[in-house]
There are 2 protein chains.
Amino acid sequence: MASIKDVAAEAGVSVATVSRVLNDHPSVSDDARTRVRAAVATLGYRPNAVARSLRTDQTRTLGLVISDVMNPYFTELARSVEEAARALGYSVIIGNADERPELQDHHVRTLLDRRIDGLLVSPTDGGSPLMLEAARAGTPMVFVDRWIPGVDVPVVRADGRAAIRDLVAHLCGLGHRRVAIIAGPAATTTGSERVQAFREALAEYGVPLPDAYIGQGDFQAESGRRVTEGFLDLPEPPEVVFATDNLMALGALDAVRARGLRVPCDIALAAFDDIPWFVHTDPPITAIAQPTGELGRAAVRALIDRIEGRPPQSVTLPARLVVRRSCGEHPDPPHPLSPVQRSTS
Amino acid sequence: MASIKDVAAEAGVSVATVSRVLNDHPSVSDDARTRVRAAVATLGYRPNAVARSLRTDQTRTLGLVISDVMNPYFTELARSVEEAARALGYSVIIGNADERPELQDHHVRTLLDRRIDGLLVSPTDGGSPLMLEAARAGTPMVFVDRWIPGVDVPVVRADGRAAIRDLVAHLCGLGHRRVAIIAGPAATTTGSERVQAFREALAEYGVPLPDAYIGQGDFQAESGRRVTEGFLDLPEPPEVVFATDNLMALGALDAVRARGLRVPCDIALAAFDDIPWFVHTDPPITAIAQPTGELGRAAVRALIDRIEGRPPQSVTLPARLVVRRSCGEHPDPPHPLSPVQRSTS
DNA sequence: CCTCCTCGTGGAATCGATTACACGACTGCG
DNA sequence: CGCAGTCGTGTAATCGATTCCACGAGGAGG
């Protein structure tokens, strides 16, 4: 592959001049500029990004470590992050932690070794020493969706509490009193926050949330299935199951089906994180939707602010409830014919 | 950040010795080795991958350019590729082309600029000059899922023809005669191959495939919706719609719903590419499943063979039909000797 | 005792870029 | 005509690693 020296030779100038042309430095004569441009074209020369990064100490690359690529929420997040970064001239390298702390650390380490300019993380656990150390060492970093408390790193996330209150109002309005929740790992902020918000909202309606109705999941489909089976085995099973992410909702649906039960007649179901497929499940699933695209854009903005020396800021955006049919019909149906997607705010 | 020089100073040896310790070179005394190890630990030193890559001319990184990350099929492919690559000591950088040739070229270019060791591509179009050029220039490359004809690059893919014949048999056995297909872009091999296989299989049953029943899609949900609406507007709409990817099937389902029609009573639906959500749609959707994980692993194996100087080989794996309820029930009750695999929901 | 190996080590070149500095040519002004 | 400034360009240092080569010490063998 042609190097800058080959271009210099071909154009009859020094490498310094070639470099200046490449970087649009003003003090280059028109003559030299055109000769260099021609040489670049005939040789099909492309600057070696590795060499350039070594010299300039910047890679124009962002690392994104997410908890689980197979979760459509994170896929969409990754997509919007890449899009926003590309618009600002940055590339993104994605690391998939698969909800496994050691895999998360592996990716953080290799990203750091590659000297990425900044790191976007949705932590799988409560705080790996590696990440803490990186943050302390001054690696530009922003948490997205989940975060680690007590670390001085901006956080970009959605606040689901209002939407969870709306959901509880919806459920109670439907007459449900025995409601259960499939929690995410307590080590994740989203895991504990959603349970707490749910409990508080229920309390406002005088509805208890007994321990037996709190199942411990891990944000993966299989755990949703397992926890739901536990609920169904209870002497008095819940009337509603609220899965705190979409994958666990899928598992819950599996478990309900496997027993030959129907949603919502036999048991109601709601989920955190809305995805396109929820419109088409049987029945369409009531879910809490995050402004995923906005989240990704805001996270990139914050990180690049931090990288380029501007003060970054944390961002919290509201989530919203999207009512469908998986929790039962309203006793007074406003529009009995409309099949899907009503949203409340 | 500490460099190799700092480690050398701390350990009281030369950078050459540090490098030898880092790379497990045999001729280093035990004494020096332990001193270097200690220095590495106290400084928290990590080798700079950028500098190393510049010197060794290898990045131990693979590029993967896929057509659309939001398509669960490709998400899964990406995941299995990353997993297989990691097991062999390589990282993966994913580029999402979003079915747009210019975006595909953008990613190929930045990947090449970063001097990745090899490129895995699922081409969005019939052959960008950039990719052809890269292949000719000797960049290790492997096509996965889709490919560009006439280029000497190994291909790892699933052959859907047998499964499509099974699907046609299933449809004809159900008594359907007016069958339509939503095709992918003709420029992609999968786009044209699936239509052709479908047409040939239908011919064996004496069923025609009129032009009016061939809709042109682009592998995105919106096109599935648009094409399906066109079918429904026909004076004699089809009895079955076969979407050649899962996203277009989703769009088709949308369009059918929007008309207040039901699957499969009013119109049957089948899709290429099976995904977990198809079990839970209303009704569960009959689909052709690819061995996605195997495909990803085989592609990585082929590419790394090529990179490390072993002869790479093309791989073709069979896809298989998964019958669910979206094409209607068999007229004759549960028939266990069906040649195709039934899924238990 | 001298020679020849082997072994561990360090010096220095190298990868492909960027950029500080020096230098020569030219311009303009006094 | 001479001096100062501007402009375009080239030389060389540099980034952080790897690796070839040379060198000195020590052991084995003649």
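The structure presented is a predicted model; accordingly, all values stated were derived computationally and were not measured. Note: hydrogens, waters and symmetry copies are ignored here, and every other heavy atom, side chains too, is used. Chain naming here is simple, since letters A, B, ... match the order of the sequence lines and numbering starts at 1 in each.
For B:D98, the salt bridge (Lys or Arg N to Asp or Glu O under 4.0 Å) test picks out A:R79, with sequence neighbours left out. Under the side-chain hydrogen bond (donor to acceptor under 3.5 Å, both in side chains) criterion, A:R114 pairs with B:T61, sequence neighbours left out. Partners of A:V69 according to the side-chain contact (heavy atoms from CB on, under 4.5 Å) rule, which considers only residues two or more places apart in sequence or in another chain, are A:I66, A:N96, B:T75. For B:E10, the side-chain hydrogen bond (donor to acceptor under 3.5 Å, both in side chains) criterion is met by no residue, not counting sequence neighbours. With sequence neighbours excluded, the residues forming a side-chain contact (heavy atoms from CB on, under 4.5 Å) with B:P154 are B:V142, B:P312, B:S314, listed by chain and number. Partners of B:R46 according to the side-chain hydrogen bond (donor to acceptor under 3.5 Å, both in side chains) rule, which considers only residues two or more places apart in sequence or in another chain, are A:D113. Here B:D24 pairs with nothing under the side-chain hydrogen bond (donor to acceptor under 3.5 Å, both in side chains) rule; sequence neighbours left out.
Phosphate proximity of D:dT9 to A:S29: present, with a side-chain N or O under 4.0 Å from OP1 or OP2.
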Contacts under 3.5 angstrom, residues 295-306 of chain B side chains, donor-acceptor by atom type, not counting sequence neighbours:
from: B:R297; atom 1: NH2; to: B:E294; atom 2: OE2; distance (Å): 3.3
from: B:D305; atom 1: OD1; to: B:R310; atom 2: NE; distance (Å): 2.9
from: B:D305; atom 1: OD1; to: B:R310; atom 2: NH2; distance (Å): 3.1
from: B:R306; atom 1: NH2; to: B:G138; atom 2: O; distance (Å): 3.3

N/O-N/O pairs, protein side and nucleotides 24-27 of chain D side, under 3.5 Å:
none

Write down the protein N/O and nucleotide N/O pairs, taken from nucleotides 16-21 of chain C, whose separation is under 3.5 Å; answer none if there are no such pairs.
from: C:dG16; atom 1: N2; to: A:A51; atom 2: O; distance (Å): 3.4
from: C:dA17; atom 1: OP1; to: A:Y45; atom 2: OH; distance (Å): 2.6
from: C:dA17; atom 1: OP1; to: A:N48; atom 2: N; distance (Å): 2.6
from: C:dA17; atom 1: OP2; to: A:I4; atom 2: N; distance (Å): 2.3
from: C:dA17; atom 1: OP2; to: A:Y45; atom 2: OH; distance (Å): 3.4
from: C:dA17; atom 1: O5'; to: A:Y45; atom 2: OH; distance (Å): 3.3
from: C:dT18; atom 1: OP1; to: A:N23; atom 2: OD1; distance (Å): 3.4
from: C:dT18; atom 1: OP1; to: A:N23; atom 2: ND2; distance (Å): 3.2
from: C:dT18; atom 1: OP1; to: A:R52; atom 2: NH1; distance (Å): 3.2
from: C:dT18; atom 1: OP2; to: A:S19; atom 2: OG; distance (Å): 2.5
from: C:dT18; atom 1: OP2; to: A:N23; atom 2: ND2; distance (Å): 3.3
from: C:dT18; atom 1: O2; to: A:R55; atom 2: NH1; distance (Å): 2.3

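Remark: A:S91 OG to A:R60 CZ distance equals 9.0 Å, nearest 0.5 Å.
For residues 118-134 of chain A, the salt bridge (charged side-chain N to carboxylate O under 4.0 Å, His left out) pairs, not counting sequence neighbours, are A:E133-A:R136.
Rotation axes derived from the C1' atoms of the five outermost pairs at either end of the helix from C:dC1-D:dG30 to C:dG30-D:dC1 lie 60° apart, to the nearest 10°.
Here the C1' atom of nucleotide D:dG8 and the CG atom of A:D30 are 12 Å apart, to the nearest Å.
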